[in-house]
K.L.:
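Structure incoming, see below.
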Amino acid sequence: MHALFEEAGKFMAGRILSEADTSAQVELDSGKRVKVKAANILLKFEKPAPAELIAQAQAVAETIELDLAWEFAPEDDFGFADLARDYFSENATLAQQAGALFRLYEAPHYFRRAGKGRFKKAPAEILQQALAAIEKKKALLAQIDEWAAALGRGECPQPIRDQLYKILFKPDKNAPEYKAVVEASRATHTAPLDLLQKAGAIDSAYQFHWKRFLFENFPKGTGFPALAAPQPPADLPLAPVQAYSIDDSQTTEIDDALSVQGLGTGTVVLGIHIAAPGLAIQPGSAIDQLGRARLSTVYMPGYKITMLPDEVVQIYTLDEGRANPAVSLYVTLNEATLEITGTETRLERVPVEVNFRHDQLDHIVTEQWLTDPSIQHENTPQALQDKREQLSFLYRLALHLKAQREVVRGKPENFNRPDYNFRLVGNQGAEPTGHEQVQISVRQRGAPLDLIVAEAMIVANSTWGSWLAELGVPGIYRSQASMAPGVKVRMGTKALPHAGIGVKAYSWATSPLRRYTDLVNQWQIIACARHGATAALAAPFKPKDADLFSIISSFDAAYSAYNGYQAGMERFWTLKYIEQNHITELTAAVIKEGPGGSFLVRADDIPLVFPVLGAQNLPRGARLKVRLGEVDEITLDIHGTVVERLDDPNDASDDAAVEDEGDEDAVAGPIAIAVDVNEADSTAPANADNPTP
């Protein structure tokens, strides 16, 4: 005697060895013996052999028309043998009964299971919905197959092109566009990004990077809603100074300006004047919400996305020829010793006489020009000549302040590495296309005008940071516990030392048009200026305010993403510069040893860090001539091969100086995408977990 039975959702058949009231011992064709509950045995038979019956039943099942079977089925629940007799004949064969069982079992949309071997047909409306869903799924699978085939042929269907960034970086893994990419990638044994590139989904490497950044950080676009720009208070006093700013020519959000009074009297007053949008923008207002959503201006070569609408920036930027609202820090100094003897913060309107642009003046304003009055430069602007004495004093003060900080730091600041300026020819601030001619110019870090501004801002940020703490008013600070390797700069609400700068406290408060943290701190400083000892009661943010911690967390994430994008775009334009100028070789210095026998090097004349092969046992600082490989504008990757070593291996004195900080720059590599071609196929039929043998 044989038995057909169900076990764990599968149908099996075998010879009955023994049988009790509740179970039977059955031997399968494989020789395996299994214990089967009596309730799971659906058919008992003498002939044919078990395997033959299953084969016959499967063949019969394929002939059963489900629509017709559904019509024949009774309204009440029924057994599979009952349906076989209704569908075939009163004398339905064993194979027909088993075939009916298999067919009913694999069609849950027509017949739901009502017990072992028993079923009940689905209501007509439910059946129609299920059939419609099945047809829709079939059409969807056909569409996926069609799109996958097109990708395999090197063609990109428009729906996939439209969903490119979502597919790659934040996919809905049930979406047909995503599944088509996975299917094509598997079929062609091609990585998804390479597949999409070959299919023409990526028209422009620049647009790929740009749109990816917007997708991840500005999904609703970069435009601002129409909002009225808040006007500054009308009762601000006019400061008795003539201030001037020092910025790059491309700077439109001019946050800071300087003034000097009292030269030659023995007591000098340095004015550090910071644009004051915080005097009019109120926490929680619509403009504030815009700033808090963006958190910072985003910079990239040839373009930027401002934190605040241009209408707001134009009111508060410290443009020349206007008296601009400002939060001013006046620092009183002994002219001879440069000792700071007092500070005062005022809210006022500051007349800005001139906006100096350091990229136009660095060739004139040198250390020699500032320290030797006899040195004259032809075509020196009159406004610059008029401020020469003040700038000379400010440079002397900056050197003094820097030296004091370096004592606290424990070592001097290193300015060996230059800064690089990128200019897109003819761009005029419009959104780049990626095809512009790029110019890269070198600017030595720590140039006199830079140093003057940097030291003044450190004075303001450290002074205001300490003042907030003294008055018990919380602020947003940057701190660094020590200069030890691995100790990073952190943001927090406590006035802690910043070892890297060499100050007791360091708030960010000097760029309120460009950084939201600075705007927040400006609100707190304004409260201190207005209320003094009772400022903690009036300040917008109170001690242990959860909102401050939320702002810090959001700012950290956004600022990191923005800086990462800026670095990536500077690398993109550096690679463009290499291509446009047909650079095939360059000189570089070794930073460190890399994986696989490679070395990480920094180019001498352009801002590029990249791996090279072809040499062994190269020390840090070794100078090389390197031949460049191909540029990949999508991964921003380039490799090099060592042509020759330029320094003397036995003489360390001619090695290049390599800074300790920031030498391990992020180098291009594989782009992290969210497409996983190794995931289980999610397009399998709905009954795949219940196969009929």
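What's counted below: heavy atoms across the whole structure, side chains too, no hydrogens, waters or symmetry copies. The first residue of the sequence shown is numbered 1, and numbering continues consecutively from there.
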K.L.:
What residues, two or more places apart in sequence or in another chain, satisfy salt bridge (charged side-chain N to carboxylate O under 4.0 Å, His left out) together with Asp203?
P.N.:
Arg161
K.L.:
Just grab all the side-chain hydrogen bond (donor to acceptor under 3.5 Å, both in side chains) pairs involving residues 559-570, residues at least two apart or on different chains.
P.N.:
Gln566-Glu570
K.L.:
Check salt bridge (charged side-chain N to carboxylate O under 4.0 Å, His left out) between Arg478 and all other residues, then give those that pass, not counting sequence neighbours.
P.N.:
none
K.L.:
Are the side chain of Ser554 and the backbone of Ser550 linked by a donor-acceptor contact shorter than 3.5 Å?
P.N.:
yes
K.L.:
Could you pull out all donor-acceptor pairs under 3.5 Å where a side-chain atom in residues 295-311 meets a protein atom, sequence neighbours excluded?
P.N.:
{"unit_1": "Ser296", "atom_1": "OG", "unit_2": "Arg514", "atom_2": "O", "d": "3.4"}
{"unit_1": "Thr297", "atom_1": "OG1", "unit_2": "Glu253", "atom_2": "OE2", "d": "2.8"}
{"unit_1": "Thr297", "atom_1": "OG1", "unit_2": "Met307", "atom_2": "N", "d": "3.0"}
{"unit_1": "Tyr299", "atom_1": "OH", "unit_2": "Glu253", "atom_2": "OE1", "d": "3.3"}
{"unit_1": "Lys304", "atom_1": "NZ", "unit_2": "Thr252", "atom_2": "OG1", "d": "2.5"}
{"unit_1": "Lys304", "atom_1": "NZ", "unit_2": "Glu253", "atom_2": "OE1", "d": "3.2"}
{"unit_1": "Thr306", "atom_1": "OG1", "unit_2": "Leu308", "atom_2": "O", "d": "2.8"}
{"unit_1": "Asp310", "atom_1": "OD1", "unit_2": "Gln314", "atom_2": "NE2", "d": "3.1"}

K.L.:
Which pairs, with at least one residue in residues 281-294 and sequence neighbours excluded, count as a salt bridge (charged side-chain N to carboxylate O under 4.0 Å, His left out)?
P.N.:
Arg292-Asp547
K.L.:
Got a sec, which residues hit side chain to side chain donor-acceptor pair (under 3.5 Å) with Asn427, two or more places apart in sequence or on another chain?
P.N.:
none
K.L.:
Mind checking what makes side chain to side chain donor-acceptor pair (under 3.5 Å) contact with Asp632, not counting sequence neighbours?
P.N.:
Thr635
K.L.:
Applying side chain to side chain contact (heavy atoms under 4.5 Å, CB included), can you list everything that pairs with Glu216, at least two apart in sequence or on another chain?
P.N.:
Phe169, Arg212
K.L.:
Heavy-atom count around Lys37 NZ within 6.0 Å, excluding the residue itself: above 12?
P.N.:
no
K.L.:
Which residues satisfy the salt bridge (charged side-chain N to carboxylate O under 4.0 Å, His left out) test with Glu135, sequence neighbours excluded?
P.N.:
Lys138
K.L.:
Name every donor-acceptor pair, under 3.5 Å, that has one atom in a side chain of residues 80-87 and the other anywhere in the protein, sequence neighbours excluded.
P.N.:
{"unit_1": "Asp82", "atom_1": "OD1", "unit_2": "Arg85", "atom_2": "NH2", "d": "2.9"}
{"unit_1": "Asp82", "atom_1": "OD2", "unit_2": "Gly79", "atom_2": "N", "d": "3.1"}
{"unit_1": "Tyr87", "atom_1": "OH", "unit_2": "Glu65", "atom_2": "N", "d": "3.0"}

K.L.:
Applying salt bridge (charged side-chain N to carboxylate O under 4.0 Å, His left out), which residue pairs with at least one partner in residues 42-60 are found, sequence neighbours left out?
P.N.:
Glu19-Lys44
K.L.:
My understanding is that only residues two or more places apart in sequence, or in another chain, count here; which of them pass salt bridge (charged side-chain N to carboxylate O under 4.0 Å, His left out) with Arg490?
P.N.:
none
